[in-house]
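Just follow the structure's listing: the first ligand is 1, and inside any ligand the first atom is 1.
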Amino acid sequence: MNKPGYFITIEGPEGAGKTTAIEQLMTQLQPLGIEAVLTREPGGIEIAEKIREVILNKNHTAMDGRTEALLYAAARRQHLVEKVLPALHQGKVVLCDRFIDSSLAYQGHARGLGIDEVLSINEFAIQDTWPDLTLLFDVSPEIGLQRIAANSGREQNRLDMEKLPFHQKVYEGYQEVSRRYPDRIVRIDAVKEPEEVVADALAAIIKGMESYTA
Ligand SMILES: Nc1ncnc2c1ncn2[C@@H]1O[C@H](COP(=O)(O)OP(=O)(O)OP(=O)(O)O)[C@@H](O)[C@H]1O
Ligand SMILES: Cc1cn([C@H]2C[C@H](O)[C@@H](COP(=O)(O)O)O2)c(=O)[nH]c1=O
């Protein structure tokens, strides 16, 4: 895709600290003169937020795995067309909390649908709009789930309610995906203190953007 902007995605298991770090990254990018658009998946625009409600509703326990994968891909498509691509074409940096690698790790590996199968429906959805850089927040599922359990303000969704073995598979899925895309995916040690995580993420973004424009 020919575009002047820069597309960054943040990935990782539950409780990795993505949302916390992204907010800090936004405030630290601004003084560097980098205008960034913050968004998330599934969601970011009205139609995709509605799909998010359907997917993550705790009562939708009957949802079939393929239905789930297709709904994530549909939300992704609409969000890409309505929000991500217009921002990239305006030359902006887009910082997106989760994207295609979540589908590969959660639906492809953890749900057992197969990474290649889930990749193929997502290739249809993204039409070659791959992230320029992906930061994979690496934290064990045990630590991530402990963090979430300690966060009393957080409402549990249908995916949070999956048991530890599912989240262990999500973790394995991310390792597999990061082996597949070594040039795009940068591992961030998310066990560190929040300030260090943000500093490492910012350094990776600056490095990535420098090599992109060089
Ligand atoms: N580096 C860190 N060390 C310890 N706790 C952290 C760290 N980063 C975030 N937290 C805490 O962990 C919890 C989960 O963080 P956050 O919501 O940012 O994770 P997330 O990756 O966005 O999770 P999810 O994808 O499941 O929504 C929050 O209570 C947050 O304050
Ligand atoms: C994009 C995407 C997300 N998921 C899962 C991962 C999380 O359990 C939820 C989203 O909740 P968050 O608090 O906003 O992280 O959805 C998924 O399984 N597949 C995907 O493609």
**Q** I need the contact type for I148 against ligand 1. Using non-hydrogen atoms and a strict under-4.0 Å cut-off, is it side chain, backbone, both or neither?
**A**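 Side chain only.
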**Q** Considering only non-hydrogen protein atoms, determine which one is nearest to atom 18 (O) of ligand 2 and report residue, atom name and distance to 0.1 Å.
**A**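 Nearest neighbour among protein heavy atoms for atom 18 (O) of ligand 2, to 0.1 Å: Q107 NE2, 2.9 Å.
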**Q** If we set the cut-off at 4.0 Å for heavy atoms, which region of R52 has an atom near ligand 2: side chain, backbone, both, or neither?
**A**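 Side chain only.
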**Q** Please determine whether any non-hydrogen atom of R154 lies less than 4.0 Å from an atom of ligand 1.
**A**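 Contact present.
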**Q** Taking K18 for the side chain and R98 for the main chain, is one N or O donor matched with an acceptor at less than 3.5 Å?
**A**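 No; judged by distance alone, with no hydrogens or angles, the pair does not exist.
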**Q** Just to confirm my output: which protein heavy-atom neighbour is closest to atom 21 (O) of ligand 1, and how far is it?
**A**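 Result for atom 21 (O) of ligand 1: K18 NZ, 2.7 Å.
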**Q** With a 4.0 Å heavy-atom cut-off (strictly under), which part of R76 contacts ligand 2: side chain, backbone, both or neither?
**A**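 Side chain only; the backbone of R76 stays clear of ligand 2.
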**Q** Is there a donor-acceptor contact under 3.5 Å from the side chain of D132 to the main chain of F7?
**A**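 Side chain of D132 to backbone of F7, a donor-acceptor pair under 3.5 Å: yes, one is there.
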**Q** Would you mind checking which non-hydrogen protein atom is closest to atom 16 (P) of ligand 1, with the distance to 0.1 Å?
**A**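 For this ligand atom, the closest protein heavy atom is T20 OG1, 3.5 Å.
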**Q** Residues two or more places apart in sequence or in another chain: which of them pass side chain to side chain contact (heavy atoms under 4.5 Å, CB included) with R40?
**A**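 Expected list: E49, R52, D97.
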**Q** Please determine whether a side-chain nitrogen of the Lys or Arg among D101 and R180 lies less than 4.0 Å from a carboxylate oxygen of the Asp or Glu.
**A**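 Looking at D101 and R180, the cut-off is not met.
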**Q** For ligand 2, which atoms sit closer than 4.0 Å to a heavy atom of S102?
**A**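 Under 4.0 Å from S102, ligand 2 has these atoms: 1 (C), 2 (C), 3 (C), 19 (N), 20 (C), 21 (O).
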